[in-house]
Amino acid sequence: MLIRVAVVEDETALYDYYGKMVEAWGRTRNVRLSTTFVGSAEEFLFKYDRQSVFDIIFLDVCMSGMSGMELAHEIRRSDRNVQIVFLTGKTEYVFEGYEIGAVRYLVKPVAESGLAQALDACMEKLESIRADYIAVRCHGENLRLSRSEIIYVKVEGHYLQMRTVDKIYEWKASLKEMLAMLDAERFVMANRSAVVNLEFVSKITREECVLEGGEVIPVSRGAYGALNEAFMKYFFR
């Protein structure tokens, strides 16, 4: 596995220091690494905006021009899975950092043990994210989709329709085949032709399953009991 790491830091004198620590961690954990150094938030956006090319990004919070915190917000607009670790000499941004899903907040000067712990935490999250993906062949293309972003899957005529948070996919397949790739704890039948992700369900009645955003999936009489019970267990366990 190749882990792509970026260090966004305007103090170029620290590049060698961080690079050696990252390499040492990689050798210890037997992980292949590719490390890229970027001198400013503006340079990062110019070269890598919306490309999702990195797995882990170390961000210096206090840089001239756009701050690392501002850059983190921009990154999160298009990439929810990249692991972000903040580097700073100040701790006042700690709560904002965790609000955007930062893994760690390392105070300078960064110790090798602290950086190694941050990378370990990032790897744990990355492995969890990768385990969440499924592979689907749609119109001759192999797609890699996250289960956690699937809102529902339903039968539409001779096609299977999947709605995710970003897009709607349609291809010829059976609902039974799709169910085999989804976990039964989150994905539950609303009727004979539709399965919903409980993460996106806001309300269930005997006739309707109301999703976030207001879209409605009909609930059949035979499916209501199991769907309602699964919903209660999932959110109130």
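Position 1 is the first residue of the sequence, and the numbers go up from there. Computation of the quantities below employed the complete heavy-atom set of this structure, encompassing side-chain atoms and omitting hydrogens, waters and symmetry-equivalent molecules. Given the structure is predicted, the values throughout are model-derived calculations rather than measurements.
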Legend entry - Identified side chain to side chain contact (heavy atoms under 4.5 Å, CB included) counterpart of Ile57 within the set Leu71, Val82, Val7, Val85: Val82

Any luck finding a side-chain donor-acceptor pair between [X] and [Y] under 3.5 Å?
{"X": "Tyr234", "Y": "Glu199", "result": "yes"}
{"X": "Tyr224", "Y": "Asn191", "result": "no"}
{"X": "Glu43", "Y": "Tyr48", "result": "no"}

Is [Y] paired with [X] through a side-chain N to carboxylate O contact shorter than 4.0 Å?
{"X": "Arg186", "Y": "Asp132", "value": "yes"}
{"X": "Glu127", "Y": "Arg130", "value": "no"}
{"X": "Glu149", "Y": "Arg163", "value": "no"}
{"X": "Glu156", "Y": "Lys154", "value": "yes"}
{"X": "Arg80", "Y": "Asp166", "value": "yes"}
{"X": "Lys108", "Y": "Glu11", "value": "yes"}

Residues, nucleotides or ligands: over 12 heavy atoms within 6.0 Å of [X] [atom1]:
{"X": "Arg206", "atom1": "CZ", "answer": "no"}
{"X": "Tyr159", "atom1": "OH", "answer": "no"}
{"X": "Asn142", "atom1": "CG", "answer": "yes"}

Inset, instruction - Check Met178 against Met162 and note the closest heavy-atom contact, atom names and distance. - result: CE-CE, 3.4 Å

Inset, instruction - Tell me, please, whether Tyr133 has Arg144 positioned over its six-membered ring: NZ or CZ under 6.0 Å from the ring centre and within 45 degrees of its axis? - result: yes

Common cluster, [X]/[Y], ILVMFWY with side-chain heavy-atom separation under 4.5 Å:
{"X": "Tyr152", "Y": "Phe200", "value": "yes"}
{"X": "Leu126", "Y": "Leu106", "value": "yes"}
{"X": "Val153", "Y": "Val188", "value": "no"}

Inset, instruction - Any chance you could measure Leu119, atom CG, to Phe58, atom CZ, to the nearest 0.5 Å? - result: 4.0 Å

